[in-house]
Student: 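Got a structure for you, written out below as structure tokens; questions coming shortly.
These figures come from a predicted structure and were not determined experimentally. Residue indices begin at 1 and follow the sequence shown.
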Amino acid sequence: MIWYPYEQMKTMHTPYKILDAQGVYLRTEDQTLIDSISSWWCVIHGYKHPELTAAIQAQAGRFCHVMLGGLTHQPVEDLAARLQAFLPGDLDHCFFSDSGSVGVEVALKMALQYNTNQGRKRPLVLALEHAYHGDTFRAMEVGDDEDYHFAFDQKQGVIHIPTEIPALEAAFQAYHDQLNSFLVEPLLQGAGGMRMYDLPFLERARQLCDRYDVLLIFDEVATGFGRTGHRFVADRVLPDILVLGKALTGGYIGHAATVANHKVFQAFYSDDPRRALMHGPTFMGNALACAAACKGIEIFERENYMAKIQRIEAISRREMAAFTDPRIKEVRIMGGCTCVEVYDPKTLEGFQQFAYQRGVFSRPFLSYLYSMVPYVIQEEELVQIFDTMKAWFRRG
Ligand SMILES: *Cc1c(COP(=O)(O)O)cnc(C)c1O
């Protein structure tokens, strides 16, 4: 039997069984549903996109996978070249892996070894309160969300701060000579509750990281590819290492990239084999995933997705502008993400079933009801999602 994620198997609701999916729609035996959360935020092009499907099929006709140990192939070379051109600054060195969590692990390893390769001992990582960086052990450690990882209590080597400049300055003051990196979800902290903050915090972080040679790592697994209304937050403040996942492959096949700048790469580049990065996931650079990612980036640029995201944000603001309810603590909107935070999680109990009846798939968690829509969504579909949210509160 299947062991489902984040679920108490004894009490969980039966999951909806998907028979087919196309565009923004999921189809079950008795309902057609708009996927308001893009399958954990990754299906930005929608389902069964003919070009993505064709790209994967064409590659499958050649080969599905060869390892990168001693071998290479065109799709992975194409993706590295595309990312190099697509990403800002000198983020040019792509290390591929199979999931966002592993991508974060790789970034943390890079930051640690960046220092040891230079004969420096810098054991600490600075991170944000309410951070979520994945479910593997080191990623959990830098995470700060009891709701996900309460069963594993081990936080040595990580300092957590709120997204406030004075706290940031104090942390650098106290620990600058022990920090190897500052790891953040830039502007939008997703799984920690769709928490939004401003650019000046990141600009100040960039200054402090420069001053003390601490590597700035952006975990853009969730925010990358336009989710915040910026293509990448890295377009606004340049990190030393950028982690991409989720939307990288449009949700067609799991893959991630940890992209380092020249400074980081140079610290490993040497005649000494012990300075090499010792990491290599079996499925890194998977050919099907790379083919999907290349095609996805092509579509993203050609179809001007940034304009689509601006439109989604404008419609979201228009639809949610005047909406209030005493049970709602805050409505926040950034790019392609809308979050309705309520005071009491009980307020959202039953919403998923309510939305199902109205043709919307939603998955609120804790006190957060949110949408992270596929960018190909039409206006009336987006309005249907917000109408469903509003109807839930209006029903009494
Ligand atoms: C989802 C997520 C991860 C983990 O990615 P997986 O592919 O699920 O391992 C890491 N960081 C952030 C910010 C995420 O949203």
Side-chain angles (χ1 to χ4, degrees), residues 65-73 75-77 79-81 83-84 87 90-127 131-143 152 154 156-158 179-185 214-221 224 234 239-246 248-249 253-290 293:
H65 180 70
V66 297
M67 66 172 181
L68 286 196
L71 301 174
T72 195
H73 54 84
V76 74
E77 288 181 354
L79 180 57
L83 284 173
Q84 185 166 350
L87 295 175
D90 65 344
L91 291 165
D92 289 342
H93 302 284
C94 287
F95 190 96
F96 294 106
S97 57
D98 32 30
S99 74
S101 304
V102 176
V104 169
E105 299 280 332
V106 170
L108 291 166
K109 254 191 188 179
M110 280 179 182
L112 190 62
Q113 198 178 343
Y114 169 85
N115 283 282
T116 50
N117 278 359
Q118 298 178 78
R120 290 199 307 216
K121 232 181 120 109
R122 290 213 181 174
L124 298 184
V125 177
L126 188 61
Y132 176 86
H133 296 291
D135 288 340
T136 54
F137 268 94
R138 186 66 183 158
M140 277 195 311
E141 246 181 283
V142 287
F152 315 96
Q154 44 146 328
Q156 320 94 324
V158 185
L179 292 176
N180 61 58
S181 58
F182 181 30
L183 170 63
V184 296
E185 293 159 272
V214 173
L215 297 180
L216 183 59
I217 307 173
F218 279 4
D219 176 352
E220 293 220 50
V221 171
D240 299 293
I241 301 174
L242 175 64
V243 188
L244 301 175
K246 293 197 166 100
L248 172 66
T249 53
I253 300 175
H255 222 61
T258 306
V259 190
N261 69 5
H262 290 196
K263 179 174 92 167
V264 172
F265 183 75
Q266 282 306 321
F268 291 78
Y269 194 74
S270 151
D271 292 320
D272 183 353
R274 283 174 315 170
R275 289 202 184 180
L277 181 63
M278 297 307 280
H279 201 101
T282 303
F283 291 112
M284 72 181 293
N286 173 265
L288 299 179
C290 290

Student: How far does NZ of Lys263 sit from CG of Asp90, to the nearest 0.5 angstrom?
Tutor: 10.0 Å

Student: Grab the two heavy atoms, one from Pro239 and one from Asn261, that are nearest each other, plus how far apart they are.
Tutor: O-ND2, 4.4 Å

Student: With respect to Arg138, which candidate in Val104, Leu112, Leu108 satisfies the side-chain contact (heavy atoms from CB on, under 4.5 Å) definition?
Tutor: Leu108

Student: As an exercise, state the distance from OG1 of Thr258 to CG of Leu91, rounded to the nearest 0.5 Å.
Tutor: 11.5 Å

Student: For the residue pair His279 and Phe95, does the interplanar ring angle fall in the parallel (under 30°), tilted (30 to 60°) or perpendicular (over 60°) class?
Tutor: perpendicular

Student: Has Glu141 got a side-chain atom pairing as donor or acceptor with Val158's backbone, closer than 3.5 angstrom?
Tutor: no

Student: Answer yes or no: is there a donor N or O on one side and an acceptor on the other, between the side chain of Ser181 and the main chain of Leu215, under 3.5 Å?
Tutor: no

Student: If you look at every heavy atom in Asn117 and Arg275, which pair is closest and at what distance?
Tutor: ND2-O, 3.1 Å

Student: Would the distance check show the side chain of Glu105 and the main-chain N or O of Ala139 forming a donor-acceptor pair, the cut-off being under 3.5 Å?
Tutor: yes

Student: Just so I know, are the side chains of Asp92 and His262 near enough to count as touching, which here means a heavy-atom distance under 4.5 Å?
Tutor: yes

Student: Test your reading of the model: is there a side-chain donor-acceptor pair from Lys109 to the backbone of Met278, 3.5 Å cut-off?
Tutor: yes

Student: Supply the atom-to-atom distance Asn115 CG to Leu179 CG, rounded to the nearest 0.5 angstrom.
Tutor: 10.0 Å

Student: Of the non-hydrogen atoms in Ala287 and Pro75, which two are nearest, and what is the gap between them?
Tutor: O-CB, 3.8 Å

Student: How long is the straight-line distance from CG of Asp98 back to CG of Asn286, given to the nearest 0.5 Å?
Tutor: 9.0 Å

Student: I want to check something: taking the side chain as every heavy atom from C-beta on, are Leu126 and Val214 in contact at a cut-off of under 4.5 Å?
Tutor: no

Student: Taking all heavy atoms of His65 and all of Met284, pick out the closest pair and write down the distance.
Tutor: CE1-O, 4.2 Å

Student: Provide the closest heavy-atom pair for Ser97 versus Pro281 in the form atom of the first, atom of the second, distance.
Tutor: CB-CG, 3.7 Å

Student: Can you tell me how far CZ of Phe137 sits from OG of Ser101, rounded to the nearest 0.5 angstrom?
Tutor: 12.0 Å

Student: Are any non-hydrogen side-chain atoms of Leu244 and Leu83 less than 4.5 angstrom apart?
Tutor: yes

Student: Is any side-chain heavy atom of Asn180 closer than 4.5 Å to a side-chain heavy atom of Val125?
Tutor: yes

Student: Is the backbone of Ala276 close enough, under 3.5 Å, to the side chain of Gln113 for a donor and an acceptor to pair up by distance?
Tutor: yes

Student: Do Tyr114 and Ile241 make a side-chain contact, defined as non-hydrogen atoms from C-beta onward lying under 4.5 Å apart?
Tutor: no

Student: Out of curiosity, His93 NE2 to Phe268 CZ, how far, rounded to the nearest 0.5 Å?
Tutor: 11.5 Å

Student: If we only count heavy atoms from C-beta on, is the Phe96 to Leu79 side-chain gap below 4.5 Å?
Tutor: yes

Student: Going by side-chain contact (heavy atoms from CB on, under 4.5 Å), Ile217 matches just one of Val243, Asp240, Leu242. Which one?
Tutor: Val243

